[in-house]
Structures are given as C-alpha cells and as structure tokens.
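Working notes, structure below.
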Number of protein chains: 2
Amino acid sequence: MTETATATGTSTGAATRIGTGATGSKSEQAYAAVKARIVDGTYTPGYRLVLAKIAEDLGVSVVPVREAIRRLEAEGLVKFERNVGATVSGIDPTEYLYTMQTLSIVEGAATALSAPLIGEADVARARAVNEEMRECLQHFDPVRFTRLNQDFHSVLFEHCPNPHILDLVHRGWNRLASLRSSTFRFVPGRAHDSVDEHEALLRLIETGAGADDIEKAARLHRSATLDAYLAHTPAAVQAAATDHTAPQTPQQ
Amino acid sequence: MTETATATGTSTGAATRIGTGATGSKSEQAYAAVKARIVDGTYTPGYRLVLAKIAEDLGVSVVPVREAIRRLEAEGLVKFERNVGATVSGIDPTEYLYTMQTLSIVEGAATALSAPLIGEADVARARAVNEEMRECLQHFDPVRFTRLNQDFHSVLFEHCPNPHILDLVHRGWNRLASLRSSTFRFVPGRAHDSVDEHEALLRLIETGAGADDIEKAARLHRSATLDAYLAHTPAAVQAAATDHTAPQTPQQ
DNA sequence: GTAATAGTTATCGTATACGATTTCGTACTC
DNA sequence: GAGTACGAAATCGTATACGATAACTATTAC
C-alpha cells in the first residue's frame, strides 16, 4: 500500500506529461505528479491547487486529481479546506517543529531496527556518500549536499524490517522536502557537525553497538538540526515554535 | 456512539467536530460511518467493502464513499486492491507485530512528552481507572477492561504537545481496535501485569522521573503485550511474524 | 473426471454534469 | 468616503453514466 517512492526530486524532471504509464491508474499518476511538483519546489508552500486546473494540466478529469489531493492531505503535504480548496502546506515553524520532532523519533527507531541488518557494503557506501558531503561543504553545494544527505540516511534505514515505521520516515522526509536545504543554507555550522555525526553513527553500527545507543544517536542527530534551526531563528518565530498552544498563523 | 471515532481526527487540525453530528460533508459522514463500523466490529476483518453497497446503505453516491475508503486505507484500516475492491484489514500477525512495534515507539514518545504536563488530577483519574481495571480482572469483563485501558492511556498522552505524534498514536489504537480485547482474552495473565505496569507508570510520572525513563517504561509496557501475544501464538504464526524478509508484494 | 476456455456478471475507475458554496467585484446607502 | 448589500464568477461537492478490468460460471475438449 504505502509508497516507498522517495522522491529525490531533482532528476525526475517532473515533465508536464504523466504518460510514463507507471501504474496505469490515473489517480496514482496524479498523486505522483502533484507530489513531485511539491517536493521539487514547482508548487511552493501556499500555492493554490485548483482541481480543474491540475486536471487539465495532467490531461485527466478532476475525480482522480481530487483523490490524489486528499491523499497528499493525509500525508500533510497539502492543506485542504472544505468548499475552498487545497494549498501546499506552508513552512510554519510550529509545523516544522512537530515534523522534526516526530521524525527524530521514528527515524531513530528505524535506524536502530535497521542496524543489525546493515552490512559492511552498506556502511562503505554510506561512508563514501558522507565523504562526498564533506566535499560539498568546501564547494558550498547545498543542493547536492541535501540529496547526498538523503542518500546517506536511506542507507541507514532502508533495511528497516517494519514497513510502517519506514513509511512514517518517508512521510517525514517528504514533508521536509520543500525546505530541505534551508538548514544548510541558514545554519552553515550545522552541516559540519552533521557530517561528523554521520561518521559517528557509522562507527556505532560497525561496532555492533546496542539498539538503544544507535537510536539515541540517530535521534540526537536530528534534534541537533532542529535546535540549530531554532537557535538561528528570530525570537518571535522561536516563541511560536515553543508555544504549543499558539494557533495557526493565517498566512497569505 | 463510538467515542474513539470522534476523538480521532485525520490531520493535525484540532477542529474535528464530528461529535456534533453532521459535518455537512457526505464524504466525512461516510468516513465516520465506515470507520465506526470497523472499530465497533460490525465490519470484521476480511469483510468486503463494496462501494455501491455502502453508498446505498448510507444514502449517498459512490464518490464520497470511495474517498472515505481511501482515507481509511491511508490509516491502515482497510486494504484496497486496484480493480478488485476494498476489504477490512485483517488480523495478519505480521501486521499486528508492525502495528504494535510502531505504537510502542510513538506511544512511548507521546507519553514521555506528555508527562511534564500531567497534573495531579490527571494522575488521580488515571489511577481510579486503573483500579476499575483491576476489578474487571476479577469479574472477567474484557470489554469494559479494554475500554478502561484506552481511557487510562488517553490520560497519559492526551496532553501530548505534538499533534503529529498524537495522531499517530490514535491511528495505532484504531488499527488495534477491532482486535483490542484479544490480548486479554487469549493471554489472561498479561492483563494482571498490565495493571501493575500502569501503576508503575503513574509512579514514575508522579515522582517527576526523566523523560527517558518514562518513555522506556511506556514502550516496554506495550512490548510486553506484544511478547505475550507472540508467546501464546502457534509457531507458524510466530514465524510469519518474525520473518521480516518479504513484506513486498510483487504486484503488476 | 479434469482442465482449459469462452462468455457473463459484478465491481471498479474515470469522465461528465450540475447543484452548492464561497469569494470577489460592483453598486448603493448612510 | 466608508461600509454594506447584492450579484456574478469561480470552485468545490456529489450524482450519474459508462468504459475497463477482474472474478465467476458454464461449456467443451481431452
């Protein structure tokens, strides 16, 4: 059921046609197409998703498009308002906090569960990716860094034996997709630490550390990113993020 | 009326007013109706959900019913097969394992995050519920026990400041809803331990224990239920549950 | 008697159509 | 001139219709 399509985004092209015939279901195609456009940034947060317009663009009727939108809503990628329409979910700092916190938990668990199943070849691959990331730091290539970062973590949790947890991880990543490189861009120092933490994680896995230790390390790795974000965020935003009772900001 | 149906929203929105009756949306009504029938056991696992039939029963057309079914699919309550139809998700032991494992993680996190926000009144209420559960053990009232169990845990995580995590917890509970009392029924000894673990959890919260300790305790509480289930399960089923190798369905 | 195959039925997937609701622009009143 | 009421346009929500696909059944060949 669950899509394991981790949209890496860049190379997919997101051509205006969906005639690739991937699954044969137009609803599925519409889902993939709209999702890709959100993930790769074609549809930016706040973008108004008009069913009829999307349907025309994709060459299908509104029914499968509507279904696709509702699915994306369930995943948190779009916000749907009755009798009004759908918009791409925004980068509301509160939402960012929620997503990162949730991701730190499920990703930590996924990594811990995967660890015993990660072989030497996987570790070697991940390490190579991490070294590439280190190079990106010097050439300042945030786009490539972000993609490599996903590749790295994919190695860590792709062997997760529990597909439910894996699915939750993928959903979290997708939610962050539209603002993935923001951390690197706005908190430069964080990226350096991140690479080091990656290496430490690999060491833990190599040495067959306990699941608890690996989980804690993976969780802290993400928490640190969140903390860095919050530390480099204006006080007002920070307050909104830490005040969980705050209502939604009526953006736009 | 099913209180669980009203308590569980789909998205992060806290404005789910299904309890007030009609939301005006037939899709929403269909969703609530079918979900309620699954949760309360009217539709048992494996039950074939024919769109046209449900539509007729509810007095609406197939379109909103289809949408409702897809939403339920996203929550894991039904299984949808292309060009074949939908069935209520089964009690596949493997799925049970996945769900319980996931729930142990998100519920543990939710409880730990809630703990600092739980007041004395909450603890007192939870303790009263737990004592009622103890009585249920003597009178052997599994139905009431199960409902009280939900009440107890609701107290623990209802203050969770992260709605995403809370939503995941609700989804897990709903998935288990149709077979909730099975543990109590098939593993009687487990219920006794469960009540004791509840009390221990309350003590931890009362004494202001660290988040890590609370999380671990909450997680173990559920893991123990899973283990008890597996221990009292035929070897063949157990093997299926522990064999993580092939969750993929090579469709197409 | 069994297996393969063609025909039938049930059900899904999607297009189209239309009523319902919201939003926006314009005119009107105070 | 500002605020309100009314009307038009845009968009959504749902019903209906029909082609597409899979499941079922009966028939026939071996």
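Letters go in sequence order (proteins before strands), and every chain restarts at 1.
- Ring pair F157(B)/H170(B) is perpendicular by interplanar angle, where above 60° counts as perpendicular and below 30° as parallel.
- Comparing G85(B) and E81(A) by the nucleotide of DNA chain C whose heavy atom lies nearest to each, the residue mapping closer to the 5' end is G85(B).
- The nucleotide whose nearest atom lies closest to any side-chain atom of S27(A) is, among dT11(C), dT14(C), dA23(D), dT14(C).
- Proximity note for V84(A) (side chain, C-beta onward) versus dT23(C), dA23(D), dG13(C): the nearest is dT23(C).
- For R70(A) and dC12(D), the CZ to C1' distance is 11 Å, given to the nearest whole Å.
- Between V169(B) and H153(B) the shortest side-chain heavy-atom distance does not fall below 4.5 Å.
- For P64(A), the side-chain atoms get nearest to dT14(C) when compared with the rest of dT14(D), dT21(C), dT14(C).
- Each of dA22(D), dA15(D), dG13(D) was ranked by its minimum atom distance to the side chain of S61(B); first place goes to dA15(D).
- Distance from the side chain of V60(A) is smallest for dA15(C) among the nucleotides dT11(D), dG13(C), dA15(C).
- The shortest distance between the side-chain N/O atoms of K53(B) and the OP1/OP2 oxygens of dT11(C) is not below 4.0 Å.
- Within the structure, every side-chain polar atom (N or O) of S25(B) is placed at least 4.0 Å from both OP1 and OP2 of dC12(D).
- Looking at heavy-atom distances under 4.0 Å, V63(A) makes contact with a base.
- Note: CG (N83(B)) to P (dA20(D)) measures 12 Å, nearest angstrom.
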Take E67(A) and K26(A), measure what salt bridge (charged side-chain N to carboxylate O under 4.0 Å, His left out) needs, and give me the verdict at the end.
CA-CA 10 Å; E67(A) 188 170 305; K26(A) 308 211 174 177; over 6 Å; no
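- In this structure a side-chain-to-backbone donor-acceptor pair under 3.5 Å is missing from T111(B) to L156(B).
- Across all strands, L49(A) comes closer than 4.0 Å only to sugar-phosphate atoms, never to a base (heavy-atom distances).
- Closest to the side chain of R82(A), from the set dT22(C), dG13(D), dG13(C), is dG13(D).
- If you check dA15(D), dT14(C), dC12(D) against the side chain of V50(A), the one that comes closest is dC12(D).
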